[in-house]
Each structure stands twice: as structure tokens, then as C-alpha cells.
Amino acid sequence: MSIETFYRDSWAEVELSAIDHNIRALQERLQNDTGIYAVVKANAYGHGDVHVARQALQSGVKGLAVSLLDEALRLREAGIEAPILVMGWTRPEDASIAAANNISVTVFQEQWVQQVSSHTLPGPLKLHMKWDTGMGRIGIRTTEEMQSLLRFIKDDERFILEAVFTHFATADEEDLQFQYEQERRFEQLFSDFERIWPGNVEIHTGNSAASMRFPERMKHVVRYGISMYGLYPSPAVKEEQPVSLKPALSLKSQLIHVKKLQPGESVSYGATYQTSGEEWIGTVPLGYADGWIRKLQGMDVLVDGKRHPIVGRICMDQFMIRLDQEYPIGTKVTLIGKQGEEEVTADEVADYLDTINYEIPCMISSRVPRMFFRNGEIVDVKNAL
Ligand code: PMH
């Protein structure tokens, strides 16, 4: 571990034992022989891909899933040797890089297989075939498409078909009709597949919502994303609480300036906020370039275990809050996480922004250093800048 230095007063804390807890909690709920791929795309949903990947592997997952070949290569460059699947599109001309690094890629087009065949590969290319059972994003949709694709990989020793998989669009909703329809379409495609494909393949279908809600209907492996980070995939699943999760990420800062303003003074760009009486105003050194976007004006942060609102426009690097009293410079500010009895959750921030919790850790930009903890003890610091 190389603890990197940083010289600013805002950072994100990632508690790796929470990730460990969330993986073990899901594993307990799953049937014994169901494995887990840790979904660590998008820098592990903003948490830090290499650290989360290493923790997930330590906690017993059988592989990692990302969206891009670049993301997979970053993990390999960090020395991670576990299976990695690229779930998104890989350009045919880049397939040789995947093969050279033992990275599995997603296949769903006959033309893609033909194009890859025209390049020399340094070794066998591992494939997971994607079936679009209703997500409407990527994947083959019909038995005919599946058949013609399989024809091209069947007798070509450069290809190894490791797995078939699909992705559910509504596993986190209250109404499960379409979920059942997707499962039905998957079974239909699979029965056709079994008839034409000689070997065994791995099957993975479930995301967090499906794997937590219907563990008995999961196949060989599930792909665990949002819940591994301690957030529920939707309010409906949070309500059901099939597994008790611990949020891994908190976002922290410190007051860098505190002043008393007279009545009628204004704060920040556009002078949109006016003090109504004498007010203590604190400046927090984090702004929209860090991912704390301007729409978060009015949102609460925690100081001294109490809620204080963001006043005036959020700037690129700083924002101001209205304090209930004077506080010294260096006083802790919590944007996501707990202080005493109070808590601001990623769910609350998501509600405020009228979006989903997935977006919240993802939007914390690379300018914010990530500090990694295990059981409350700091183990590493990653400063991306
Ligand atoms: N599998 C695939 C193919 C995915 O795209 C995702 C998440 C997951 C598994 C993990 O889902 P979970 O985080 O709900 O567990 N993908 C996305 C997405 O494309 N937009 O939001 C989440």
C-alpha cells in the first residue's frame, strides 16, 4: 500500500469492512453454489476500483465485472489476476488486447465475431454471450440470431464460450410482471441453446435486486453492484430489506472560513441568498468540480452533529452554509454519512436531486481523494490528481 498525500480539506472515506459485510450478507442469502461477480465499473461506482476489487476478492467473490476494456486493464495493471468480464461493447480490433490480458468480453453480434476472426489473436478469447430478454440495450434477441452467432464461434478454437447472460430491467420494482417475462424469455432461449451447444457454460442473470430478492431463482453467478456498496437498488427493495446493508462511502470536508454577516448581506454568485438577520456563514472547500453540483443548493450538511443548509450558489471549488453559531476553522463537515445521531444518506441526496442513489457516489469526481479504511483504521489513500 502506498499512502498518497493530499493537501486539501475534502475527501471521501470508503470503509472496506462495509463492502466485506455486504458481500458476505448476500452470499449467506444465496444458495451455496451461487457465486458472485463484483461489479466494479465506473471506478467501483466512485468508490475506488482497485481497492474495492481487492476487497471483494478477499471476501470471496469469484470474479469482477466492468463496463469497458480500459477498466479491466486498469485492474490487470494493478496486478489483479482474477477473472474479469467486460460487460459492455469491446471494439473488434481491441479483442486481441482482451485475449492477451485474459479478459473476458461480451459478444452479441455475428458481424463482431467475423471481424474479430480477421485479426490475429495472441491466445484464446473468452466470451460471454449477452441475451437481450427485455432490457433493449445490448444482446441477441432471438434463437435465430443466437444460432448464427454460435455457428461462427463453434468450430473456431480461438474462441471459448464461457458463459451466457442477461440483464433485468425491472428487478427492483414493486410490479414484477416484466421481471417474470424476462425470466421466461431467458428460459426459452436457454432451452434452444442447450439443444445446439455441446459444452457447459456458466449462466449469470441477476443484479443486486434480483439476487437479493429471488436468491432461489439465481443461476451459477450473480452480478452484485449497488448493494455491495451498501445502497439498496430502489425504495421498494429498501423497504423489503432482504439483506441488511452497510453504506461504504462517506463524504467529508472541514470549514475553512467562518464569518458573521450583517442582515441583508448576500452570499455567492448572483447574490441569490440574502441574510435575514445576523448570520454565521461557513465556507466549505468543495464544489461542483468535485461533483457537488449546483442543484444541491439548499441541501443540508452536518456540522457538530446538526443539519445546516447550503446557502447561495455552489461554486466550482467552494460553497457556503448557514451555521447555527460560530465554529472554529477545521470543524468537520459531513456531506454524506453520520455525525452523532444525524445522518445524510446517499438516498437523501438522490431524492433531493430527483435521481437514483447510483448517481451519487458516481458523481464524486476524481479531484476528491479517496481514503480507505478497514474497521475504522486507515489503510490507504488514493489521490487521483
Ligand atoms: N450487470 C449489468 C450488465 C449492469 O449493467 C449492472 C449495473 C449490474 C450488473 C449491477 O447492477 P446493480 O448495481 O443494480 O447490482 N448497471 C447499471 C447501469 O447500466 N446503470 O445503472 C446501473
Side-chain angles (χ1 to χ4, degrees), residues 1 12-27 30 35-90 98 101-106 126 128 130 162-163 165 167 202 204 206-212 221-233 245-249 291 346 356-366 368-374 379-382 384:
M1 298 280 176
E13 294 185 359
V14 177
E15 180 45 83
L16 296 169
S17 358
I19 291 179
D20 178 59
H21 165 89
N22 298 328
I23 291 171
R24 290 179 197 280
L26 176 68
Q27 193 70 68
L30 290 171
I36 299 176
Y37 286 144
V39 181
V40 294
K41 59 180 177 167
N43 194 27
Y45 293 34
H47 291 65
D49 53 1
V50 172
H51 291 79
V52 171
R54 286 201 187 118
Q55 177 59 56
L57 290 163
Q58 246 181 47
S59 305
V61 306
K62 63 170 294 186
L64 307 165
V66 292
S67 184
L68 308 170
L69 181 57
D70 298 87
E71 294 174 330
L73 289 169
R74 263 177 60 88
L75 298 171
R76 284 282 180 262
E77 275 155 26
I80 292 173
E81 290 173 358
I84 306 178
L85 166 66
V86 175
M87 301 185 292
W89 155 266
T90 301
N101 288 280
N102 191 25
I103 292 165
S104 308
V105 295
T106 295
K126 294 178 174 170
H128 288 219
K130 182 76 184 278
E162 277 190 319
F165 74 114
H167 189 48
E202 179 182 271
H204 50 97
N207 51 5
S208 289
S211 57
M212 293 196 303
V221 190
V222 299
R223 302 182 307 275
Y224 199 35
I226 193 71
S227 305
M228 177 173 66
Y229 303 103
L231 303 177
Y232 291 90
L245 301 173
K246 291 188 185 165
L249 182 137
I356 53 171
N357 55 17
Y358 292 68
E359 259 197 283
I360 308 307
C362 285
M363 77 187 199
I364 302 169
S365 79
S366 61
V368 179
R370 267 64 171 176
M371 301 178 74
F372 298 92
F373 290 77
R374 191 167 284 117
V379 291
D380 204 2
V381 176
K382 181 93 185 77

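- Side-chain N or O atoms of Asp380 include none that pairs as donor or acceptor with a backbone N or O of Met371 at under 3.5 Å.
- Counting only distance, with no hydrogens or angles, the side chain of His51 and the backbone of Gly48 share no donor-acceptor pair below 3.5 Å.
- Every side-chain hydrogen bond (donor to acceptor under 3.5 Å, both in side chains) that Ser59 has, sequence neighbours left out, goes to Asp20, Gln55.
- Met87 is not listed as a side-chain neighbour of Ser67, based on a closest heavy-atom distance of 4.5 Å or more.
- In terms of modelled atom types and a separation under 3.5 Å, the side chain of Asp70 and the main chain of Leu73 share no donor-acceptor contact.
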Verdict with supporting geometry, Asn102 and Lys126, side chain to side chain donor-acceptor pair (under 3.5 Å): CA-CA 8 Å; Asn102 191 25; Lys126 294 178 174 170; 2.9 Å; yes

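- One N or O on the side chain of Asn43 and one on the backbone of Asp49 form a donor-acceptor pair closer than 3.5 Å.
- No donor-acceptor pair under 3.5 Å is formed between the side chain of Thr90 and the backbone N or O of Leu69.
- Side chain of Tyr229 to main chain of Tyr358: no donor-acceptor pair is present (N/O by atom type, distance under 3.5 Å, no hydrogens or angles).
- Of all the heavy atoms in Ala18 and Ala248, the pair that sits closest is CB-CA, 3.9 Å.
- Atom-to-atom distance recorded for Leu68:CG and Arg74:CZ is 11.5 Å, nearest 0.5 angstrom.
- Remark: side-chain polar atoms of Ser227 are not paired, donor with acceptor, to backbone N or O of Ser208 under 3.5 angstrom.
- Residues passing the ring pair (Phe, Tyr, Trp, His ring centres under 6.0 Å) test with His204 are Tyr37, His128, Phe165, sequence neighbours excluded.
- In summary, Glu71 and Arg76 do not engage in a salt bridge, as defined by a charged side-chain N under 4.0 Å from a carboxylate O.
- Rounded to the nearest 0.5 Å, atoms CZ (Arg374) and CD1 (Ile19) are 10.0 Å apart.
- The backbone N or O of Gly46 lies less than 3.5 Å from a partner atom in the side chain of Arg370, making a donor-acceptor pair.
- With a 4.5 Å cut-off on side-chain heavy atoms, Lys246 and Glu15 do not count as touching.
- Residues Tyr45 and Ile364 have side chains not in contact (no heavy-atom distance under 4.5 Å, counting atoms from C-beta outward).
- Counting all heavy atoms, side chain and backbone alike, Gly35 lies closest to Lys62 at CA-CD, 4.3 Å.
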